[in-house]
Amino acid sequence: MEINSNNLINKDILNSKKFDNIDTKDIKDEAKLREISNDFESFFINQIMDVSLRNTSIAGEEVGSDIVKSMYIQAISDKSAGTFGISDMLFEFLSKNNK
């Protein structure tokens, strides 16, 4: 399999509107900043898992297996957010640089 930008990125995920409404006031609020940091980590984990599991049959090979696989990946990404340390690093960086 040839690796290029077309098969590494799930373009549907990049159309996420999750980060469109971030206001600079939110960065000053620690709880909101923590939520944004966790959302970013969830997005990052989702991207890694999507690429990693793209050619697997973890959800079977029947009709709708791609939907089940994407729901599985999303659920794991959301539950794992805040546990890999990426959100902590982002939170600390933004907290220190936006006071």
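Everything numeric in this text was worked out from a predicted model, so none of it was measured. Residue indices begin at 1 and follow the sequence shown.
Taking CD from Glu35 and CD from Glu30, the interatomic distance works out to 14.0 Å, rounded to the nearest 0.5 Å. Atom CG of Leu94 sits about 11.0 Å away from atom OG of Ser87, to the nearest 0.5 Å.
Listed for the Ser95 side chain is no donor-acceptor partner under 3.5 Å among the backbone atoms of Glu92. With hydrogens and angles ignored, the 3.5 Å screen pairs a side-chain donor or acceptor of Ser77 with a backbone N or O of Ile73. For Lys69 (side chain) and Thr56 (main-chain N/O), a donor-acceptor pair under 3.5 Å exists by modelled atom type. A distance-only check finds no donor-acceptor pair linking the side chain of Gln74 to the backbone of Asn46 [under 3.5 Å].
When hydrophobic clusters are built by joining Ile, Leu, Val, Met, Phe, Trp and Tyr residues whose side-chain heavy atoms come closer than 4.5 Å, directly or via intermediates, Val68 is not grouped with Leu53. Linking ILVMFWY residues whenever their side-chain heavy atoms come closer than 4.5 Å, directly or via other members, places Phe84 and Ile76 in the same cluster. Ile45 and Tyr72 fall within the same hydrophobic cluster, where Ile, Leu, Val, Met, Phe, Trp and Tyr residues are linked whenever their side-chain heavy atoms come under 4.5 Å apart, directly or through other members. Criterion: ILVMFWY side-chain heavy atoms under 4.5 Å apart, direct or through other members. Under it, Ile48 and Leu90 are part of a common hydrophobic cluster.
Classification of the Phe40-Phe43 ring pair by plane angle, with boundaries at 30° and 60°, yields tilted.
The pair Asp39-Arg34 fails the salt-bridge criterion, with no side-chain N (NZ, NE, NH1 or NH2) lying under 4.0 Å from an Asp/Glu carboxylate O.
The shortest side-chain heavy-atom distance between Asp88 and Ser37 does not fall under the 4.5 Å cut-off.
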